Amino acid sequence: MKKIDIGEIKDTICQLALEANFVLRRDIYRALNKAYLNEDSERARGLLKILIENAKIAKKEKFPICQDTGMVVVFLKIGEEIEICGGDLIKAINEGVRKAYKKGYLRKSICEPLSRLNTHDNTPAVVYVDMVKGDNLEIKLCIKGFGAENKSQIKMFEPTAKLKEIKGFIIKVVKEAGPDACPPFVVGVGMGGTFEKAAILAKEATLLEIRNPRPFRASLTQQRWVAKSETRNEIKKLEEELYAEINKLDIGPMGLGGKTTCLGVNILTFPTHIAGLPVAVNISCHATRSATKTL
């Protein structure tokens with residue numbers, strides 16, 4: 001059985017937290033450049049150029065891409081053939097976050113919900129754990145600022161809901177987010193499971209690479225359940241339709257109009273109860289900061 005020391009996990013979390021804050025994901029960077037070339041509006045092109053320049057400076061100078069250095073969310077896929085040794089996993093993750101935010105001189109944004117007292121080290125992180133086959137440990141870390149997070153929504157549909165109603169809800173969420181969530185967005189959609197599962201799927205969907213139009217990519221969890229090709233094609237088609245319709249809203253970069261309201265729409269699904277259909281939409285801003293490493 002493969003052994004992974006807890007110290008390596010702590011150092012990896014630190015490295016990923018710094019990388020996610022300083023370096024824009026390559027697919028997001030490509031999407032911003034593509035949007036810049038496709039925009040007709042001079043003002044929208046100017047704003048996209050600023051976002052691209054901002055990303056370049058952040059990477060070169062090791063400055064945070066955004067002043068909101070966010071809440072750390074970690075998705076772990078732990079192989080069944082791994083032994084994590086040397087300490088407590090959650091404690092190590094929080095130590096890694098604490099180290100990164102101190103080392104990077106990053107704003108500490110985490111506080112108690114009612115007293116609003118700051119924890120002063122940007123912990124605790126939100127951690128999700130999934131057990132998978134194999135001997136790898138995949139760590140996906142995202143930095144979630146709350147300009148966009150505050151605009152995310154969930155709705156418990158009746159199982160008889162039409163696709164038109166679901167699309168309408170997703171587009172309404174984006175429309176209501178408007179300029180407050182720092183567009184252009186990456187829109188993550190989670191469908192199925194339970195109330196909380198749909199929300200987690202929506203968050204995880206923002207971590208998928210965006211390529212529009214892009215082939216459907218099922219997560220490991222999905223691969224256990226989604227077998228019919230017609231289902232895959234239906235989701236892919238829905239992603240493309242939503243991408244096109246959202247970009248007709250004329251919200252545009254930073255909410256000042258233009259063709260680029262969203263850079264990508266990713267949907268993840270999970271089987272649900274026959275009596276319900278949860279749909280969650282997680283809005284992510286133009287930065288959509290995340291980083292991944294496999295140990």
Side-chain angles (χ1 to χ4, degrees), residues 13 16-17 19-21 24-25 27-28 65-66 68-78 90 93-94 97 109-110 113 122-132 138-156 166 169-170 173-174 176-177 180-210 216-222 225 235 238-239 242-243 246 262-272 277-293:
I13 290 290
L16 294 177
E19 180 183 334
N21 264 299
L24 191 64
R25 263 170 40 190
D27 59 316
I28 306 288
I65 298 169
C66 176
D68 184 349
T69 58
M71 188 160 199
V72 176
V73 182
V74 179
F75 289 86
L76 297 177
K77 292 192 186 300
I78 303 176
I90 301 301
I93 289 171
N94 284 323
V97 172
S109 303
I110 307 309
N122 222 60
T123 67
V126 177
V127 182
Y128 300 107
V129 177
D130 192 13
M131 297 300 296
V132 298
E138 182 191 84
I139 303 174
K140 280 190 175 182
L141 180 150
C142 73
I143 305 296
K144 195 62 183 171
F146 267 51
E149 188 77 347
N150 283 338
K151 301 299 179 182
S152 301
Q153 298 184 35
I154 188 167
K155 183 169 182 175
M156 305 300 285
I166 296 168
F169 167 67
I170 296 167
V173 173
V174 174
E176 290 178 358
D180 294 344
C182 298
F185 307 126
V186 171
V187 180
V189 178
M191 292 185 187
T194 53
F195 180 85
E196 79 284 358
K197 179 67 177 178
I200 295 168
L201 287 172
K203 176 66 57 63
E204 195 172 5
T206 66
L207 306 187
L208 297 176
E209 182 180 354
I210 54 165
F216 174 76
R217 298 191 323 151
S219 68
L220 288 175
T221 304
Q222 281 184 296
W225 298 97
I235 292 172
L238 181 57
E239 287 177 337
L242 286 166
Y243 174 74
I246 288 170
C262 91
L263 301 172
V265 178
N266 293 334
I267 299 174
L268 287 176
T269 66
F270 195 86
T272 189
L277 175 51
V279 177
V281 183
N282 193 226
I283 300 290
S284 199
C285 70
H286 67 85
T288 306
R289 294 156 294 179
S290 68
T292 302
K293 186 169 183 178

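Computed from a predicted model, the values in this text were never measured in an experiment.
For S290, the side chain to side chain contact (heavy atoms under 4.5 Å, CB included) partners at least two apart in sequence or on another chain are R25, C142, L207. Legend: residues meeting side-chain hydrogen bond (donor to acceptor under 3.5 Å, both in side chains) with T206, ordered by chain and number and at least two apart, are absent. The salt bridge (Lys or Arg N to Asp or Glu O under 4.0 Å) search around E149 returns K144, K203, not counting sequence neighbours. Partners of F195 under the ring-ring contact (aromatic ring centres under 6.0 Å, His included) rule, at least two apart in sequence or in another chain, do not exist in this structure. For L238, the side chain to side chain contact (heavy atoms under 4.5 Å, CB included) criterion is met by L163, K167, M191, E241, L242, I267, not counting sequence neighbours. Under the side chain to side chain contact (heavy atoms under 4.5 Å, CB included) criterion, I200 pairs with F75, Y128, sequence neighbours left out. In this view, Q153 and E176 satisfy the side-chain hydrogen bond (donor to acceptor under 3.5 Å, both in side chains) rule, not counting sequence neighbours. Applying the side-chain hydrogen bond (donor to acceptor under 3.5 Å, both in side chains) test to T272 and every residue at least two apart in sequence or in another chain returns nothing. Evaluation of the side chain to side chain contact (heavy atoms under 4.5 Å, CB included) rule for A20 yields L141, I143, R289, A291 as partners, not counting sequence neighbours. Among residues two or more places apart in sequence or in another chain, the salt bridge (Lys or Arg N to Asp or Glu O under 4.0 Å) test is passed with K151 by D180.
The CZ atom of F169 sits 7.0 Å away from atom NZ of K155, with the distance rounded to the nearest 0.5 Å. To the nearest 0.5 Å, the span separating CG on L76 from CD1 on I139 amounts to 6.0 Å. Rounding to the nearest 0.5 Å gives a distance of 6.0 Å between CD1 of I28 and CG of L263. In this structure, the separation between NZ on K140 and OG1 on T292 is 5.0 Å, given to the nearest 0.5 Å.
In terms of heavy-atom proximity, V189 sits nearest to V265 at CG2-CG1, 4.5 Å. The heavy-atom pair separating C285 from A181 by the smallest distance is CB-O, 3.4 Å. When every heavy atom of A125 is checked against every heavy atom of N94, the shortest pair comes out as N-OD1, 2.8 Å. Across all non-hydrogen atoms, the minimal contact from G145 to D68 is CA-OD2, 3.2 Å.
Residues L277 and I166 form a side-chain contact, since some pair of their non-hydrogen atoms from C-beta on lies under 4.5 Å apart. Within the 4.5 Å cutoff, the side chain of L201 has no heavy atoms near those of the T269 side chain. Annotation: side chain of V279 is not in contact with side chain of I154 (no heavy-atom distance under 4.5 Å).
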Item to check | Pair T123-I110, side chain to side chain contact (heavy atoms under 4.5 Å, CB included): steps then yes or no | outcome: CA-CA 7 Å; T123 67; I110 307 309; over 6 Å; no

Checklist entry - Would I13 and V72 satisfy side chain to side chain contact (heavy atoms under 4.5 Å, CB included), going step by step from the backbone distance to the final call? => result CA-CA 10 Å; I13 290 290; V72 176; 5.6 Å; no

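Annotation: side chain to side chain donor-acceptor pair (under 3.5 Å) contacts involving residues 183-196, sequence neighbours excluded, comprise T194-E196.
At distances below 3.5 Å, at least one donor-acceptor pair connects side-chain atoms of N122 with backbone N or O atoms of G70. No donor-acceptor distance shorter than 3.5 angstrom exists from the side chain of N266 to the backbone of G188, with no hydrogens or angles considered. With hydrogens and angles disregarded, a donor-acceptor distance shorter than 3.5 Å links the side chain of D27 to the backbone of I210. Of the possible donor and acceptor atoms, one in the side chain of S152 sits under 3.5 Å from a partner among the backbone N and O of I283.
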